There are 2 protein chains.
Amino acid sequence: MVSGQKQKLTIKQVAQAAGVARSSVSRAFTRPEMLSPETVRRVRDAAEKLGYVPNQTARALSTGRHGNVALIVPDIANPFFPPLIRAAQMEADRSDFCVFLGNSDEDPKQEDKLVGRFTGQVEGLILASSRLSDERIRAHAAQRPLVLINRDVEGIPRVLIDSGSGVREAVAHLAELGHQHIVYVAGPVTSWSNKQRRLAVRKSAERLGLKVDIVAAIVPSYDAGREAVAAILTTGATAAIAFDDLTAQGILAGLADRKIRVPGQFGVVGCDDVLGAATYPSLTTVSNRSVEAGKAALSLLLELLQSQSLRDIRYVLDTHLVVRNTTIDHKE
Amino acid sequence: MVSGQKQKLTIKQVAQAAGVARSSVSRAFTRPEMLSPETVRRVRDAAEKLGYVPNQTARALSTGRHGNVALIVPDIANPFFPPLIRAAQMEADRSDFCVFLGNSDEDPKQEDKLVGRFTGQVEGLILASSRLSDERIRAHAAQRPLVLINRDVEGIPRVLIDSGSGVREAVAHLAELGHQHIVYVAGPVTSWSNKQRRLAVRKSAERLGLKVDIVAAIVPSYDAGREAVAAILTTGATAAIAFDDLTAQGILAGLADRKIRVPGQFGVVGCDDVLGAATYPSLTTVSNRSVEAGKAALSLLLELLQSQSLRDIRYVLDTHLVVRNTTIDHKE
DNA sequence: CGTTGACATGCAACCGGTTGCAGGCTTTAG
DNA sequence: CTAAAGCCTGCAACCGGTTGCATGTCAACG
């Protein structure tokens, strides 16, 4: 039914073919209940036969509804994000929305630029782990519906993954195993998640009477973790909780370099569960909920678009400890 | 300069403010060389002061140029793709293009649907590891400029990662280490890359006098690799080359379950190098070039958009073996 | 039987830019 | 000094839909 010609089929040709006015063709697609069933059928048949498909751009121009949303993340290649992106994407798809993807490269300027580029073509945006200032976020939110992920700005709808709950479980788990002195290997200072995790370690260690030291890895990466091992060992701690799994993997490598057995001589806990059980020994870590976060953010956004309501929404997802083999030796 | 109002600033207000016709405002932005420098300045100043930003949708409607491209992948969460997506995204950004991301979920129907949704809003598309039939791909290519990644359809511009070269090196490497009998753990039957890798293993093993068996994992995943271990061991081989790194990691886990030492008693080679050295023991694998592929595909597409030329382009990236610790014990 | 109202459809303006063409003014050549 | 050639700028049509309003038709109602 569709042929290879690269013609421009418009509502006009369909109108002619069906013997009605252009407006009726339009309505046959957007408000069929306004027309007689007979007319709708005639128009649809004609459209089908010609292979007509409505021009999304023209429609967007006159209605203001584009059917697009944008999702901006700091780094697509960071394994935390792909599942989130995927979930958001699939959720958008269910409502026939298209999603623009932006990579801010951890740079607020770049993020700002992307928002600007997208704004004109979307009905709403999602910023995941935004690096923008609260002020810029508010400014953008005033222009377009905006949902945040892992960023807590009052008045802006947001989806937060509370890694605090999982981290508290991790500390309790280590205490139970007899550790008395642990280290938190910190991530980026600007990260909301890092702040939250550090606080959770501090508080619950205090409650349980454990000694805590903080070692900075700053960049969350394998190499940073590996290099942090020297500092970790000088503290005299017997276990470490890392900002994320990448860092944790680096720590494991650094320990292996020094022939320190895990979990026998030293315990390691990651965060975000990005690798699953796919490494050996498999990493004890905190679950991430990134799939739910992506899905929730998208549906929240779509909801906002519908209702136009501006309630202050704060959706929190809790996390849990996933015990694998870097804190305790499991028997299969 | 920009304020919080949610007004609709159009070319008209700017024209009024600058005391010129609407067309002059338009030209001040799109073809400044047609206007006197003085007028351009006046218009730009006025626009700046008001905070005017051209409406991309309206522009697209009249010019047909949207400044968007679409990228469709089978699975965003498969670690092979994020670096590719990221590279494409950044390359697009350099030319002020926005990118739509689609996840086909390994399903041709879904992929077709996405292409349809995007077509009206983009100037060109990139299909990575497309699951569509050659026929559908050709049909879509007739509508819009289209570039393929890891899919070899004659007449359609394509970027191919030739894992054959790396796989041949892997086989030679294993032969050199004394292995006489190896296994190829296969991936999806519809995958172009899988076909290519299997063939490369077969051919070069034959040339070197090695015995080869094929074991099917079908789905490329950690679990599939782990389950394939039983079949691998019954062949009597002493080393395995896996379709990808995820499968290889699963194999390592399965071997560990059976207390088989790697690389001492059994050698393992992955493909795609998605985990880097970030696991322990670190995986010997074949490099992937996915970053170059993403970047190349995008710039190829942009080039096509400019030149309108329809040459048959076939851009091939070769790969190499990356030797780490699952085939041979390294000393640091 | 005339009026009212519901329903179906067409007309034309509009969304916000772009662009071919024409007209006015200035410059250059004859 | 006049005509040809540029250079700027404005007018108005157009991109392809959507939508408020007017019109026409027909059934139901008083």
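Here is how names work: the chains are called A, B, and so on, in the same order as the sequence lines, proteins then strands, and each is numbered from 1. In this text, all values refer to a predicted model and were calculated from it rather than measured experimentally.
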Peer 1: A:R31: what forms a salt bridge (charged side-chain N to carboxylate O under 4.0 Å, His left out) with it, not counting sequence neighbours?
Peer 2: none
Peer 1: In whole angstroms, how far is the P atom of D:dC11 from the NZ atom of B:K12?
Peer 2: 13 Å
Peer 1: Taking atom CZ as the centre, does A:F29 end up with more than 12 heavy-atom neighbours from other residues, nucleotides or ligands that are less than 6.0 angstrom away?
Peer 2: yes
Peer 1: Rounding to an integer number of Å, can you tell me how far B:R31 CZ sits from D:dC8 P?
Peer 2: 14 Å
Peer 1: Hey, what bend do you get for the helix from C:dC1-D:dG30 to C:dG30-D:dC1 if you fit axes on five pairs at each end, rounded to 10°?
Peer 2: 50°
Peer 1: Should we say atom CD of B:E33 is surrounded by more than 12 heavy atoms from elsewhere, each under 6.0 Å from it?
Peer 2: yes
Peer 1: Mind checking if B:T57 touches a base, just sugar-phosphate, or nothing, with heavy atoms under 4.0 Å?
Peer 2: nothing
Peer 1: Kindly state each residue pair satisfying ring pair (Phe, Tyr, Trp, His ring centres under 6.0 Å) with at least one member in residues 86-123 of chain A, sequence neighbours excluded.
Peer 2: A:F100-A:F118, A:F100-B:F100
Peer 1: Please encode protein proximity along nucleotides 7-15 of chain C as a string of B, S and -, counting only heavy-atom distances under 4.0 Å.
Peer 2: -SBBB-B-B
Peer 1: Can you give the donor-acceptor pairs under 3.5 Å from side chains of residues 50-57 of chain A to other protein atoms, not counting sequence neighbours?
Peer 2:
residue: A:N55; atom: OD1; partner: A:T57; partner atom: N; Å: 2.7
residue: A:N55; atom: OD1; partner: A:A58; partner atom: N; Å: 2.9
residue: A:Q56; atom: NE2; partner: A:H66; partner atom: O; Å: 3.1

Peer 1: How long is the line joining CD of A:Q16 and C1' of D:dG16, in whole Å?
Peer 2: 15 Å
Peer 1: Classify A:F29 by what it touches in the nucleic acid, base, sugar-phosphate, or nothing, heavy-atom distance under 4.0 Å.
Peer 2: nothing
Peer 1: Charged N to carboxylate O below 4.0 Å: is that the case for B:R94 and B:E91?
Peer 2: yes
Peer 1: Please name all residues satisfying ring-ring contact (aromatic ring centres under 6.0 Å, His included) with A:F81, sequence neighbours left out, ordered by chain then number.
Peer 2: none
Peer 1: Work out which heavy atom in B:A141 is nearest to a heavy atom in B:I156; give both atom names and the distance.
Peer 2: CB-CD1, 3.5 Å
Peer 1: What is the distance, to the nearest angstrom, from the CZ atom on A:R65 to the C1' atom on D:dG17?
Peer 2: 12 Å
